[in-house]
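Reading through the structure tokens given below for one structure.
Numbering of ligands and ligand atoms starts at 1, following listing order.
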Amino acid sequence: MNDQDARAGADLALPGLVHDLNNVFETISDAAELLAADERWRDLAGTLFRSVDRGRRIVGVYADQNRAGAELSEVVDRAETFLRDFLRHLAGAKIRVHRRIGRDHRLPGNAADWERVFMNLLLNAAQAMKGRDSGDIEVHSRIEDNRLVIEVIDNGPGIDESILPRIFTARFSTRSRHAGLGLHIVRTLVEANGASVTAANRESASGAVFTIRAPMA
Ligand SMILES: Nc1ncnc2c1ncn2[C@@H]1O[C@H](COP(=O)(O)OP(=O)(O)O)[C@@H](O)[C@H]1O
Ligand SMILES: [Mg+2]
């Protein structure tokens with residue numbers, strides 16, 4: 001392969017991936033359509049439809065939602081629905097999500113990116129509380145110094161101080177069979193949309209706190 005071919009190949013890598021994923025999404029949608037026709041499986045079909053829709057947003061099929069900013073409460077709704085769908089077929093902890101979000105709080109940039117950010121933060125929080133009877137996640141937002149500050153707080157074990165500096169690094173994970181990409185994706189997307197993210201532990205109880213600071217949309 002000469003240089004030019006290599007470049008052309010690289011340029012088509014992403015559209016090619018999206019193209020093939022779309023065929024996968026279509027197959028799942030068609031199967032879900034069949035399931036939905038049966039009363040007993042309608043609920044499961046709903047999970048599949050939502051998952052496909054989520055996948056399509058992630059790969060950027062819906063161009064209209066890009067670069068227009070996003071309502072924080074809507075983004076958190078979507079991330080929470082993802083968490084419910086994810087946990088649905090897993091027995092175990094009852095995870096509750098509590099929010100204190102400003103009605104008019106908006107995030108700058110790409111709505112699909114922010115959905116991925118909160119999906120990953122909620123998923124990590126839920127996974128940190130695995131093995132318990134129940135767990136609580138809080139999502140708070142406030143305006144501070146003309147910036148939107150959002151906190152995602154859980155009541156899991158928290159993050160060992162010795163690994164705190166490394167958790168946003170790609171492929172860093174303390175969990176077996178986990179890729180260690182979640183927080184790397186979080187930081188990359190947060191920064192791509194002009195914001196920042198930090199991690200810490202709660203002061204008065206056990207648990208982790210992720211804080212995002214974004215310019216006002
Ligand atoms: N809410 C949390 N509570 C405790 N530890 C966390 C939390 N979120 C992330 N971590 C730690 O950060 C590591 C990296 O997270 P992440 O990048 O999402 O990778 P993965 O979930 O694949 O392990 C996790 O393995 C875990 O040790
Ligand atoms: Mg993760």
Side-chain angles (χ1 to χ4, degrees), residues 17 21 47 50-51 54-55 57-60 72 75-101 107 109-142 148-193 195-214:
L17 194 66
L21 273 175
T47 299
R50 283 192 298 277
S51 299
R54 211 169 278 135
R57 278 199 299 279
I58 287 172
V59 300
L72 176 62
V75 169
V76 176
D77 277 346
R78 285 187 168 166
E80 189 179 344
T81 307
F82 156 76
L83 187 67
R84 298 270 157 251
D85 283 337
F86 189 94
L87 297 174
R88 160 186 207 107
H89 303 290
L90 299 178
K94 209 177 169 55
I95 307 286
R96 287 174 298 252
V97 180
H98 313 269
R99 339 149 154 223
R100 214 163 60 217
I101 293 176
L107 290 157
N110 186 318
D113 285 356
W114 287 111
E115 182 177 351
R116 293 175 66 193
V117 166
F118 286 94
M119 277 167 52
N120 275 293
L121 292 178
L122 294 190
L123 183 59
N124 276 346
Q127 285 170 336
M129 298 185 291
K130 219 166 106 181
R132 307 222 176 150
D133 292 342
S134 66
D136 292 287
I137 304 173
E138 289 171 47
V139 185
H140 296 166
S141 72
R142 61 178 192 273
L148 176 60
V149 180
I150 307 145
E151 288 175 321
V152 178
I153 306 162
D154 64 58
N155 62 355
I159 306 162
D160 204 288
E161 296 290 336
S162 67
I163 65 165
L164 258 178
R166 280 182 291 160
I167 56 169
F168 290 101
T169 309
R171 306 235 172 266
F172 176 82
S173 176
T174 58
R175 301 169 179 148
S176 61
R177 287 183 283 117
H178 277 258
L181 290 179
L183 289 179
H184 179 69
I185 291 168
V186 165
R187 190 173 62 182
T188 304
L189 295 177
V190 164
E191 290 178 356
N193 287 283
S196 68
V197 57
T198 54
N201 287 305
R202 297 174 71 167
E203 279 168 17
S204 51
S206 93
V209 185
F210 286 84
T211 307
I212 292 170
R213 290 188 166 77

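Proximity of Ile137 to Glu80: side-chain heavy atoms (C-beta onward) are nowhere separated by under 4.5 Å. Glu151 is listed as a side-chain neighbour of Arg142, based on a closest heavy-atom distance under 4.5 Å. Under the 4.5 Å side-chain criterion, counting only non-hydrogen atoms from C-beta, Leu121 is in contact with Ile212. In this structure, Trp114 and Leu189 have side chains that are not in contact, with every pair of non-hydrogen atoms separated by 4.5 Å or more.
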Compile the donor-acceptor pairs under 3.5 Å between side chains in residues 202-210 and protein atoms, sequence neighbours left out, one pair per line.
from   : atom 1 : to     : atom 2 : distance (Å)
Arg202 : NH1    : Asp154 : O      : 3.2
Ser206 : OG     : Gly156 : O      : 2.7

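Arg96 is linked by a salt bridge (charged side-chain N to carboxylate O under 4.0 Å, His left out) to Asp136, counting only residues two or more places apart in sequence or in another chain.
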Are there any N/O pairs under 3.5 Å between ligand 1 and the protein, and if so, what are their distances?
from     : atom 1 : to     : atom 2 : distance (Å)
ligand 1 : 1 (N)  : Asp154 : OD2    : 2.8
ligand 1 : 17 (O) : Gly182 : N      : 3.4
ligand 1 : 17 (O) : Leu183 : N      : 2.8
ligand 1 : 18 (O) : Asn124 : OD1    : 3.1
ligand 1 : 18 (O) : Asn124 : ND2    : 2.8
ligand 1 : 18 (O) : Leu183 : N      : 3.4
ligand 1 : 21 (O) : Asn124 : OD1    : 3.2
ligand 1 : 21 (O) : Arg175 : NH1    : 2.7
ligand 1 : 22 (O) : Gly180 : N      : 2.9
ligand 1 : 23 (O) : Ser173 : OG     : 2.6
ligand 1 : 25 (O) : Ser173 : OG     : 3.4
ligand 1 : 25 (O) : Thr174 : N      : 2.9
ligand 1 : 25 (O) : Thr174 : OG1    : 3.2
ligand 1 : 27 (O) : Thr174 : OG1    : 2.4

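At a cut-off of 3.5 Å, with distance as the only test, a side-chain donor of Asn124 or Arg175 sits close to an acceptor on the other residue. Side-chain atoms of Arg50 and Thr81 form no donor-acceptor pair, as typed in the model, at a separation below 3.5 Å.
Under the 3.5 Å distance criterion, the side-chain polar atoms of Asp160 are matched with a main-chain donor or acceptor of Ser162.
Around the Mg ion (ligand 2), the protein contributes the following N, O or S atoms under 2.8 Å, ordered by chain and number: Asn124 OD1.
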